[in-house]
Protein chains: 2
Amino acid sequence: MTPTAAVHETPRADHQGRRERKKRRTREALVEAAFELFQEKGFDATTVEEIADAVDVSSRTFFRYFASKEEVVLTFQEEQFAAVLEELLARPAGEPVMTALRKTCVSVLRACEDGAFGFDPERFVCIQEMMESSPAVLGRSLEHGQKKQADLTRLIAQRMGVDPSTDLRPHVAAGAATCAFRSAFDAWAMGVTGDKRFSDVLAEIFRLLEEGINYPSKG
Amino acid sequence: MTPTAAVHETPRADHQGRRERKKRRTREALVEAAFELFQEKGFDATTVEEIADAVDVSSRTFFRYFASKEEVVLTFQEEQFAAVLEELLARPAGEPVMTALRKTCVSVLRACEDGAFGFDPERFVCIQEMMESSPAVLGRSLEHGQKKQADLTRLIAQRMGVDPSTDLRPHVAAGAATCAFRSAFDAWAMGVTGDKRFSDVLAEIFRLLEEGINYPSKG
DNA sequence: ACGACAACTGTCAGGCCATGACAGTTTGGC
DNA sequence: GCCAAACTGTCATGGCCTGACAGTTGTCGT
């Protein structure tokens, strides 16, 4: 790797000595300071230098913890996604794929909204607002999601007992799941859904997908 | 708008005098030069200054034609999307939504591959390679697609004769279409599909979506 | 403890992207 | 021809991100 890619992995690995603890603290402090500033003045108006200053480290150091300013935001998406994969593994084996996906996705999302994981629900809203207001964040998020979709595809293929390198169906299922997230976010952001919770919208979209989407044209 | 946002619209508007013609020529020359450089040294390794120099304009002028380096690439996606909307409008009214979407999307994509529109098919491949190699391009593309999905949603709602501000189904259908594109690209990029054409993969994915995705788990 | 070694951080320098301000040139309309 | 609008170039600036190098701190073996 590059000579500067020292820290980028292992946000876990606790109790492994003072150094690990310090790293962990610094990272958390950076996330904390960043979100405080984001909430106060918005993502774009917040500079990396300000974030670093708030934690009293150099901006150079910031970039040793996060590859970009956007990556701070994606920290949560990362954890969320990991949670989905984990819960999906725990679903009963016989359950149809989309049902399992719906239940895990909705469950994880709802947990976020309720502030599980140590997620601050307020921060969760903040992230969603930044997606709307800062194209860079949205872009990175989508990009990140696209990359993670590959992992999900593998897991689904395993669950279906098929080979993802010859069968397109797991790709479709994984795509449908991310599509559900995005459509839900879309509709939710556009205010289509009234005051429903994001997780409820997601559940509804999943149901629609399961019912089939061969909609007739006007008539 | 900002005082620098003079040109950003109307890539059309021909025969309207020397000025319009010059603008059009400059824009096309920039695109041409940019892609030549992209193909030669890659997206990231190509600087805006080089592109501008190749056309003998200042980099400042480049940014009056394109809001970012990535936008040069998205020019084509833009046209592609416009073509999809146009063809979709021309589909027979009674046709089921997903069928209409499949036929138009596949048709447009195939036209691109065959070099219609004045698209250079080789360039079309170049774009797809850049998506894989340059995260920035992929991110912007996804972002752009997400934004355009709103337009598609409206059109679909109209075709279904429902209100997109209360009915989630058009959102789902539009999401499914973009999901199809992305899954197809994924699978195609991963080499899952052998030597099939991208458009064929897309058609297959659409078919799978239409058949329903309530896949059973292993058994 | 102590010293060697690795890991982490700060400083410095620099490149690229993107934008505002301003002045000069070209174009179109009258 | 002349004026106003549109377009471009130059200059200056700010923010993001990275490589290089030196200094500091933690770790581990002895």
Side-chain angles (χ1 to χ4, degrees), chain A residues 1-11 13-27 29-30 34 37-38 41-53 55-74 134-137 139-140, chain B residues 1-11 13-27 29-30 34 37-38 41-53 55-74 134-137 139-140:
Chain A
M1 293 288 129
T2 71
T4 356
V7 191
H8 283 191
E9 324 81 29
T10 58
D14 326 71
H15 313 296
Q16 296 243 353
R18 192 197 314 289
R19 186 173 284 164
E20 300 298 325
R21 255 177 293 137
K22 268 199 176 178
K23 276 191 343 191
R24 190 176 181 76
R25 260 195 307 235
T26 304
R27 188 188 168 89
L30 281 171
L37 287 163
F38 291 161
K41 7 188 321 188
F43 180 85
D44 294 320
T46 306
T47 71
V48 170
E49 199 182 351
E50 288 171 323
I51 301 172
D53 280 353
V55 186
D56 204 46
V57 296
S58 69
S59 5
R60 189 66 187 84
T61 293
F62 173 92
F63 284 110
R64 288 197 254 253
Y65 281 88
F66 303 97
S68 68
K69 197 169 65 165
E70 290 85 9
E71 205 179 285
V72 178
V73 181
L74 297 190
S134 299
V137 178
R140 296 269 190 169
Chain B
M1 288 292 129
T2 69
T4 357
V7 191
H8 283 192
E9 323 82 29
T10 60
D14 325 73
H15 314 296
Q16 297 240 354
R18 190 196 318 284
R19 186 174 283 163
E20 300 299 327
R21 253 178 294 136
K22 268 197 177 178
K23 276 191 344 191
R24 190 175 181 75
R25 259 197 305 238
T26 304
R27 188 188 167 89
L30 281 171
L37 287 163
F38 290 163
K41 5 185 329 188
F43 181 85
D44 294 319
T46 306
T47 72
V48 171
E49 199 181 353
E50 288 171 323
I51 301 172
D53 278 353
V55 186
D56 205 46
V57 296
S58 70
S59 11
R60 189 65 188 85
T61 293
F62 173 92
F63 284 110
R64 287 197 257 252
Y65 281 88
F66 303 96
S68 69
K69 197 170 68 166
E70 290 85 9
E71 205 179 284
V72 178
V73 181
L74 297 190
S134 300
V137 178
R140 295 268 189 169

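- Between the CZ atom of B:Phe63 and the P atom of D:dT10 there is a distance of 16 Å, rounded to whole Å.
- For the pair B:Leu74 and B:Phe66, the minimum side-chain heavy-atom distance is 4.5 Å or more.
- Defined by atom type and a distance below 3.5 Å, a donor-acceptor pair is present between the side-chain atoms of B:Ser68 and B:Glu70.
- Rounded to a whole Å, the CZ atom of A:Arg60 is 18 Å from the P atom of D:dG23.
- Backbone-only contact: A:Ser68 has heavy atoms under 4.0 Å from sugar-phosphate atoms and none from a base.
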So which protein N/O to nucleotides 26-30 of chain D N/O distances come out below 3.5 Å?
| unit_1 | atom_1 | unit_2 | atom_2 | d |
| --- | --- | --- | --- | --- |
| D:dG26 | OP1 | A:Lys22 | NZ | 3.0 |
| D:dG26 | O4' | A:Arg19 | NH2 | 3.3 |
| D:dG26 | O3' | A:Arg19 | N | 3.4 |
| D:dG26 | N3 | A:Arg19 | NH2 | 3.1 |
| D:dT27 | OP1 | A:Arg18 | N | 2.9 |
| D:dT27 | OP1 | A:Arg19 | N | 3.0 |

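- Using a 4.0 Å heavy-atom cutoff across all strands shown, A:Arg140 reaches sugar-phosphate atoms only and no base atom.
- Side-chain contact between A:Phe38 and A:Ile51 is present, with heavy atoms from C-beta onward closer than 4.5 Å.
- Nucleotide C:dA7 holds its P atom 9 Å from the NZ atom of A:Lys23, rounded to whole Å.
- Per the geometry, CZ belonging to B:Arg21 stands 16 Å off C1' belonging to D:dA6, to the nearest Å.
- Distance A:Glu71 CD to D:dC16 P: 15 Å, rounded to the nearest Å.
- For CD of B:Glu50, the number of neighbouring non-hydrogen atoms (other residues, nucleotides, ligands) closer than 6.0 Å is greater than 12.
- Between A:Tyr65 and C:dC8, a side-chain N or O to OP1/OP2 separation shorter than 4.0 Å is absent.
- Along DNA chain C, the nucleotide nearest B:Thr46 and the nucleotide nearest A:Thr26 are compared for position; the residue whose nucleotide lies closer to the 5' end is A:Thr26.
- Counting to the nearest Å, the P atom of D:dC16 and the CZ atom of A:Phe43 are 8 Å from each other.
- When the side-chain nitrogen and oxygen atoms of B:Lys69 are compared with OP1 and OP2 of C:dA18, none of them lie within a distance under 4.0 Å.
- With hydrogens and angles ignored, the 3.5 Å screen pairs no side-chain donor or acceptor of A:Lys69 with any backbone N or O of A:Val137.
- One finds no side-chain N or O of B:Thr61 lying less than 4.0 angstrom from the OP1 or OP2 phosphate oxygen of D:dT8.
- Between the side chain of B:Thr61 and the backbone N or O of B:Val57 there is no donor-acceptor pair closer than 3.5 Å.
- To the nearest angstrom, C1' of C:dC8 lies 17 Å from CZ of A:Phe62.
- Going from atom CZ of A:Arg64 over to atom C1' of D:dG19 covers 10 Å, rounded to whole Å.
- Looking only at side-chain heavy atoms (C-beta outward), B:Lys23 and B:Tyr65 come within less than 4.5 Å of each other.
- If you check every strand for non-hydrogen atoms under 4.0 Å, B:Thr47 touches sugar and phosphate atoms only.
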